[in-house]
Number of protein chains: 2
Amino acid sequence: MILTSKIESFVMHCGEMGSRWGFNRTVGQMYGLLIIHQEPLTAVDISEALNISRGNVSMGIKELQSWRLVQVQHKPKDRKEYYSPAGTIWEMATRVFEERRKREIDPTLSLLRDNLLDEPANQKEVYAQEKMHEIHDLLETVTHWAGELQSMSPDKLNTLMKLGAGVTKVINLKDKLINKS
Amino acid sequence: MILTSKIESFVMHCGEMGSRWGFNRTVGQMYGLLIIHQEPLTAVDISEALNISRGNVSMGIKELQSWRLVQVQHKPKDRKEYYSPAGTIWEMATRVFEERRKREIDPTLSLLRDNLLDEPANQKEVYAQEKMHEIHDLLETVTHWAGELQSMSPDKLNTLMKLGAGVTKVINLKDKLINKS
DNA sequence: CTGAAGTTTCAGTAATTTCTGAAAGTTTAA
DNA sequence: TTAAACTTTCAGAAATTACTGAAACTTCAG
């Protein structure tokens, strides 16, 4: 048994949150386990630690790879694959954000763009297009600013946060400067 | 039939995306319909437009109300309840964000905080706590900055976006000003 | 009161998603 | 080339989630 009870509670929590974060329970547990465990783990380790079938582990790893969240390593004289989380915590969060944007926002933006190209055929469609336009612009704005945040280092953000620098204040300042010039 | 085919495609799309946005297919459809339709709709209207049972509409409305996304109206001389989306598109997005934060982030932050209060019992737990600390700090930073963005008006964000003002640039500026003073 | 017009609830069923385990596939050492 | 050691796949079973429709409930006009 590789799990102490405190660690187990974290792993199980990841499982429960998994579905909210975009994957299913066992995939969530697997990811939590890989993050919290210092040494890379084999598929069998995971299967035993979480009491799930070997086949399920294989599918879960595939899923995590599609999110670019795990990496595979090999040890000399050992044919097994060893799995560990890919990148820093910040990078992982960035990847989850990006993947979710692809799944949750991009398809909608694309549908909206298509729809907005057509002429409205009647009064109802005029109203509908107005709303679609609003949603479209909002989604573009949100993805733009989310991207901006992602491109910053977490250290910098933290420092600024502790300095009490709200985006609002900062941007107001910028606004004034722009208007002056 | 209240749906033209173009509008129907939007509503069905909301259904498909529904589960990714945190609710289920029919709730997604219902919300899409309410947004795209200028006049408020009764439960029966919704049930007929989407071909779902009356009971399901009732449960869906309840769900949307728990997200604070619909409001109920009454017409004089008419006992029926008329439903329409609550607030502007921006407010709706803000509410979805907030609700999702409550469901997806807050429980994890709380678990992490609890766990970080305990002394690690062995080497593995020392490592585990380090990781939990990193995740904790990241989640706090992200929610902080997300809150900042939410508190801004979308107009202002759009204007700044079009001016080419990246957060990075803006914040660098602020940084310099702070260091000077 | 009464009953008509509406809403909500919830047990049972339907649909969907996830998991298992056995079979098929792959890789490598000898 | 063989076989051991490992991984992947996938059909069917299990678990979960969503939906229906009938009964219970609420409200209100007469």
Side-chain angles (χ1 to χ4, degrees), chain A residues 11-12 14-34 40-67 70-84 100 103-104, chain B residues 11-34 40-67 69-84 100 103-104:
Chain A
V11 171
M12 293 302 129
C14 292
E16 272 138 46
M17 298 310 279
S19 59
R20 309 200 167 183
W21 276 97
F23 14 83
N24 68 33
R25 181 154 34 80
T26 45
V27 172
Q29 290 174 350
M30 286 173 57
Y31 191 42
L33 178 63
L34 290 174
L41 296 169
T42 66
V44 171
D45 292 338
I46 296 170
S47 153
E48 285 171 358
L50 303 177
N51 270 297
I52 58 181
S53 76
R54 186 62 192 69
N56 200 3
V57 172
S58 176
M59 292 190 296
I61 292 288
K62 218 169 114 192
E63 171 81 0
L64 286 172
Q65 279 169 336
S66 85
W67 289 72
V70 285
Q71 59 190 142
V72 183
Q73 290 169 307
H74 286 275
K75 293 194 181 178
K77 292 276 182 189
D78 188 342
R79 234 154 91 195
K80 287 196 280 295
E81 301 194 323
Y82 287 81
Y83 303 103
S84 56
R100 287 182 75 170
R103 293 161 201 230
E104 298 175 1
Chain B
V11 172
M12 293 303 128
H13 176 85
C14 292
E16 272 136 45
M17 299 309 281
S19 59
R20 309 201 166 180
W21 275 98
F23 14 81
N24 69 32
R25 182 154 33 81
T26 44
V27 172
Q29 291 174 350
M30 288 173 55
Y31 192 41
L33 179 63
L34 290 175
L41 296 169
T42 66
V44 171
D45 293 338
I46 296 171
S47 154
E48 286 171 0
L50 302 177
N51 270 297
I52 57 181
S53 76
R54 186 63 193 68
N56 199 3
V57 171
S58 176
M59 290 190 298
I61 292 289
K62 220 168 112 193
E63 171 81 2
L64 286 172
Q65 280 169 336
S66 85
W67 289 72
L69 291 174
V70 285
Q71 58 191 146
V72 183
Q73 291 169 307
H74 286 275
K75 294 193 180 178
K77 293 274 183 187
D78 187 343
R79 234 156 91 198
K80 287 197 280 298
E81 302 195 322
Y82 287 81
Y83 303 103
S84 55
R100 288 182 74 169
R103 294 161 201 230
E104 298 174 2

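Naming convention: chains lettered A, B, ... in sequence-line order (proteins, then strands); numbering from 1 in each chain. Just so it is clear, the structure is predicted and the values come from calculations on it, not from any experiment.
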Asks: May I have the distance from A:Glu81 (atom CD) to C:dT26 (atom P), rounded to whole angstrom?
Replies: 14 Å

Asks: Please identify each residue that fulfils side-chain contact (heavy atoms from CB on, under 4.5 Å) with B:Asn56, with sequence neighbours left out.
Replies: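 Once residues adjacent in sequence are excluded, the partners of B:Asn56 under the side-chain contact (heavy atoms from CB on, under 4.5 Å) criterion are B:Thr26, B:Ile52, B:Ser53, B:Met59.
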
Asks: Working to the nearest 0.5 Å, report the span between OG1 of B:Thr42 and CZ of B:Arg79.
Replies: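 So the gap between those two atoms works out to 14.0 Å.
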
Asks: For DNA chain D, note the earliest and the latest nucleotide, 5' to 3', having some atom under 4.0 Å of a heavy atom belonging to chain A.
Replies: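 Going 5' to 3' along DNA chain D, contacts run D:dA4 to D:dT16.
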
Asks: So, does A:Arg20 use its side chain to make a donor-acceptor pair with the main chain of B:Arg103 at under 3.5 Å?
Replies: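 Between the backbone of B:Arg103 and the side chain of A:Arg20 there is a qualifying donor-acceptor contact (under 3.5 Å).
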
Asks: In sequence, state the C-alpha distance, the side-chain angles, and the governing distance for A:Val72 and A:Tyr82, and then conclude on side chain to side chain contact (heavy atoms under 4.5 Å, CB included).
Replies: CA-CA 6 Å; A:Val72 183; A:Tyr82 287 81; over 6 Å; no

Asks: Which atoms of nucleotides 27-29 of chain C (N or O only) lie under 3.5 Å from a protein N or O atom, and what are those distances?
Replies:
from   : atom 1 : to      : atom 2 : distance (Å)
C:dT27 : O2     : A:Arg79 : NH2    : 2.7

Asks: Quick check: are there more than 12 heavy atoms from other residues, nucleotides or ligands sitting under 6.0 Å from CZ of B:Arg25?
Replies: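 Atom CZ in B:Arg25 is not packed in, count stays at 12 or less.
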
Asks: Using a 4.0 Å cut-off on heavy atoms, which residues in residues 17-26 of chain B reach DNA chain D? List them by number, or say none.
Replies: B:Asn24, B:Thr26

Asks: If the condition is side-chain contact (heavy atoms from CB on, under 4.5 Å), which residues does A:Ser84 pass it with, not counting sequence neighbours?
Replies: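 Per chain and number, A:Ser84 pairs via side-chain contact (heavy atoms from CB on, under 4.5 Å) with A:Pro40, A:Gln71, A:Gln73.
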
Asks: Atom CD1 in B:Ile46, atom CZ in B:Arg54: separation rounded to 0.5 Å?
Replies: 8.5 Å

Asks: Restricting to non-hydrogen atoms, name the atom on B:Val57 and the atom on B:Met30 that form the minimum distance, rounded to 0.1 Å.
Replies: O-CE, 3.6 Å

Asks: In Å and rounded to the nearest 0.5 Å, what is the CE to OH distance from B:Met17 to B:Tyr31?
Replies: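 The distance works out to 15.0 Å.
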
Asks: Could you state the interatomic distance from CZ (A:Arg100) to CH2 (B:Trp21), rounded to the nearest 0.5 Å?
Replies: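 Here the interatomic distance stands at 9.0 Å.
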
Asks: Atom CD1 of A:Ile61 and atom CD of A:Glu81: how far apart are they, to the nearest 0.5 Å?
Replies: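 It comes to 9.0 Å.
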
Asks: Compute the centroid of each ring, for B:Phe23 and then for B:Trp67, and state whether the two points are separated by less than 6.0 Å.
Replies: yes

Asks: In this structure, how many angstroms lie between the C1' atom of C:dT18 and the CG atom of A:Leu50, rounded?
Replies: 15 Å

Asks: Can you measure A:Met30 atom CE to C:dT18 atom C1' for me and round it to whole angstrom units?
Replies: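 Whole-Å distance recorded here is 14 Å.
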
Asks: Is any side-chain heavy atom of A:Gln29 less than 4.5 Å from a side-chain heavy atom of A:Leu33?
Replies: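 No; the side chains remain at least 4.5 Å from each other.
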
Asks: Does a nitrogen or oxygen in the side chain of A:Arg54 sit under 4.0 Å from OP1 or OP2 of C:dG21?
Replies: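 No, outside the criterion.
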
Asks: Tell me which residues in residues 55-66 of chain B lie within less than 4.0 Å of DNA chain D, going by non-hydrogen atoms.
Replies: B:Gly55, B:Asn56, B:Met59

